[in-house]
Number of protein chains: 2
Amino acid sequence: MAITIRDVAKRAGVAPSTVSRVIADNPSISEKTKNKVRAVMKEMNYFPNIYAQGLASAHSKTFGLVLPLATDAFYQNPFFPTVLRGINFEMAKHDYSILLSVGLDDDQRQKHIEKIVNGKQVEGLIFLYASKNDPLLRFAQKVNCPAVVIGSPDNTKVHFVDNDNELIGYQATKSLIQQGCTRIAYVGGDMNQFFIADRHNGYKRALEGAGIIYDPSLIYNDINFLPSDGYELAQNKIDFSQIDGLVISDELVAEGIRNYLDTQDIQDVHLITFSAYRQGNTQSMIKTSYVNLNSHIIGSRAVDILFEALDPDQASTRFIHEYVDADLHTT
Amino acid sequence: MAITIRDVAKRAGVAPSTVSRVIADNPSISEKTKNKVRAVMKEMNYFPNIYAQGLASAHSKTFGLVLPLATDAFYQNPFFPTVLRGINFEMAKHDYSILLSVGLDDDQRQKHIEKIVNGKQVEGLIFLYASKNDPLLRFAQKVNCPAVVIGSPDNTKVHFVDNDNELIGYQATKSLIQQGCTRIAYVGGDMNQFFIADRHNGYKRALEGAGIIYDPSLIYNDINFLPSDGYELAQNKIDFSQIDGLVISDELVAEGIRNYLDTQDIQDVHLITFSAYRQGNTQSMIKTSYVNLNSHIIGSRAVDILFEALDPDQASTRFIHEYVDADLHTT
DNA sequence: ATGAAAGCGCTAACAT
DNA sequence: ATGTTAGCGCTTTCAT
């Protein structure tokens, strides 16, 4: 058997509860006692049994992280590790752990979530995606499990954190307009994804604000989120003689498009895209501006919101919808 | 308070221990009793408290997953979600959970691992990367925590699963030779990473076996693992008039190179690369063969090996080094 | 095949 | 400021 709180207490000449209070850094324990107990803990290489703590305190100090299905191209996007870094950062600060939701299909995933939520292994859930009519999210709401979504779900009765996609679509487009562009195309993606639709709406509003007519033939939504997709789109679909600016929703797609333009020596088109973080290492002939999405902040805010939601002071039913600021970088 | 095993027992007219046995599907309980108890569990929406189970049984049914630092380009590689899928699959089968290792630097990560290992929150660790002289791996060994590395670490006293990188480097190169190539370049990466060095060695051996002289000027190792890196390499460094074949260690890099070749209408060069899984959606002018690494199997084998390592029957000290078969696909 | 009872290692009143 | 004590909800001998 491993070494327990009683062993430490005995050796330190105090009661187990005192050791427990030292672990929790309870202010009612004198510094002197704390130091003595801590010395003994170190000396004996004592570590509290997390499951015993969890059982006794009814706090698992763990959040569940719900990922999209592993086949999703999502994982290849810098957004994922960036937001994960933000979550890590905040969780580490609070000394909380992250439990991954396991499962290869919705049914498996739901069973697992059910188990860890009802089994009190997690105190809350972070959804790392927002999809339409998500059964897992519905489940979390049904069992009244605190949850926060990263992205904008089709469900306002839930906490979520996201960029203001309409706004950044607007700002990005406006920035191109201010640089003198008048024929601006938009490369989006699946319009069922809200952030795509929202950025598109912002794009549209910016055009209207500048008195530029919205031309549906300049909208490219039939595309996935990989560089090769952008490359092929640029090669086969886009007529660059017709445009002088391009708003690109996905940064990997933008990379593919930029690659294509470089080879063709097309230089008279402005690009703007949205970036989870700045790599800064791509030298290109093309003028590429970007909107920094500060995705790591999205991650850390999501964690904070979950802590707020856990707070028992918050008797009332309310939902936090938070938008993280993005900042524009023009070149 | 939530509903407990006693509540179920009372309602089912049995002892708590009987309910516990039903949960564990203990064969000494009659089918009749099992059915009755299960019905009551369902009726009362009972879920066992995982922390209470863990405390009483001394089994957390959880493995820790140690990821590389979140800034790593690793996350953008299809390898990551693919191997994660394999891990998921196997863990779900065994009804185990995955706890993520939290922390933004080695020190934080080590503290966290120390806590979850000594605190009995995890029964073993899966390292999702292999780096030289890894302090976290050393730590796991020091505290005698069962661990398995995905990749080939510089440490043979540990379990690991990987592809046989020397062999697949050899096979890939040989395949080009059989297709008639004689001037074959190799695009690798950081030679400090063992899989890069190993694939390179296989490449070298294949050349020697065919009587082709190894030409250091055809080796490109100064490159990162993103499509843009491949693109730039192809554009600025590689003289395609000098070669007729190209072995490319990383599939994203290969994508970038292929993009470049497509734009230049260079078609008289064979490409071969290594792929975590087959996307199959890239139509290119270039002949691209690939070695399917079956990375999802690497993930599931890693989990199985950890279970083996946990098995108390294995009194002896031994280390499993397992190589997952890759298969060659030529076009 | 099932029940009774003793913990697992910790926290949290309640004392003092 | 610290000790005493009674659980937290489950598993697991040991009985029968």
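Here is how names work: the chains are called A, B, and so on, in the same order as the sequence lines, proteins then strands, and each is numbered from 1.
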* With distance as the sole criterion, is a donor-acceptor pair present between the side chains of B:Gln108 and A:Asn88 under 3.5 Å? -> no
* Of the nucleotides D:dT11, D:dG9, D:dC10, which one has an atom closest to the side chain of B:Arg6? -> D:dC10
* 5'-most contact on DNA chain C: A:Phe47 or B:Gly13, nearest heavy atom basis? -> B:Gly13
* **Integer-rounded Å distance: D:dG9 P and B:Tyr46 OH** => 10 Å
* Atom-pair distance (CE on B:Met44; P on D:dG9), nearest Å -> 13 Å
* Per B:Ser57 side chain, nearest of listed nucleotides D:dT11, C:dG9, D:dG3 -> D:dT11
* Asked: Are A:Glu123 and A:Tyr96 close enough that a side-chain donor and a side-chain acceptor fall under 3.5 Å?
  -> yes
* **Nucleotide D:dC10, atom P - distance to CG of B:Asn49 in whole Å** => 6 Å
* Using only heavy-atom distances, decide whether a donor-acceptor pair under 3.5 angstrom links the side-chain of B:Arg21 to the base of D:dT13. => yes
* To do: Check the distance between D:dG9's P and A:Lys120's NZ and give it to me in whole angstrom.
  => 9 Å
* Asked: How would you label the contact of A:Gly119 with the nucleic acid (heavy atoms, under 4.0 Å): base, sugar-phosphate, or nothing?
  -> nothing
* Measuring from B:Arg38:CZ to B:Ile23:CD1, what's the distance to the nearest 0.5 Å? -> 10.5 Å
* To do: Flag yes if more than 12 heavy atoms outside A:Arg138 fall under 6.0 Å of its CZ atom; otherwise flag no.
  => yes
* **Backbone of B:Glu114 reached by a side-chain donor or acceptor of B:Asn118 within 3.5 Å** => yes
* Under 3.5 Å donor-acceptor, B:Gln110 side chain and B:Leu136 backbone -> no
* Asked: Which nucleotide in the list D:dT2, C:dC8, D:dT12 gets nearest to the side chain of A:Thr33?
  -> D:dT2
* From D:dT12, C:dG9, D:dT2, pick the nucleotide closest to the side chain of B:Ser20? -> D:dT12
* **Rounded distance (Å) that lies between atom C1' of C:dG9 and atom OH of B:Tyr51** => 14 Å
* Structure fact -> Rounded to whole Å, NZ of A:Lys10 lies from P of D:dT4 at a distance of 12 Å
* Structure fact -> On DNA chain D, more 5' by nearest nucleotide between A:Pro27 and A:Pro16 is A:Pro27
* Which is true for A:Val19 with a 4.0 Å heavy-atom rule: it touches a base, it touches only sugar-phosphate, or it touches nothing? -> nothing
* Quick one: label A:Ser30 by what it contacts on the DNA or RNA (base, sugar-phosphate, nothing), any heavy atom closer than 4.0 Å. => sugar-phosphate
* To do: From the options C:dG3, C:dC10, D:dT2, select the nucleotide whose nearest atom is closest to the side chain of A:Ile29.
  => D:dT2
* Could you tell me the separation between the CD1 atom of A:Ile5 and the C1' atom of C:dG9, rounded to a whole number of Å? => 8 Å
* Answer with base, sugar-phosphate or nothing: what part of the nucleic acid does A:Thr4 contact at a heavy-atom distance below 4.0 Å? => sugar-phosphate
* **Heavy-atom donor-acceptor pair, B:Ser17 side-chain to C:dA4 base, under 3.5 Å** => yes
* Structure fact -> Residue pair B:Thr18/B:Ala56 against DNA chain C: nearer the 5' end by closest nucleotide is B:Thr18
* Side chain of A:Ala15: nearest nucleotide among D:dG3, D:dT2, C:dC10? -> D:dG3
* May I have the distance from A:Ile23 (atom CD1) to C:dA12 (atom P), rounded to whole angstrom? => 11 Å
* Report the nucleotide, chosen from D:dT11, D:dT2, C:dG3, that has the shortest atom-to-atom distance to any side-chain atom of A:Ser28. => D:dT2
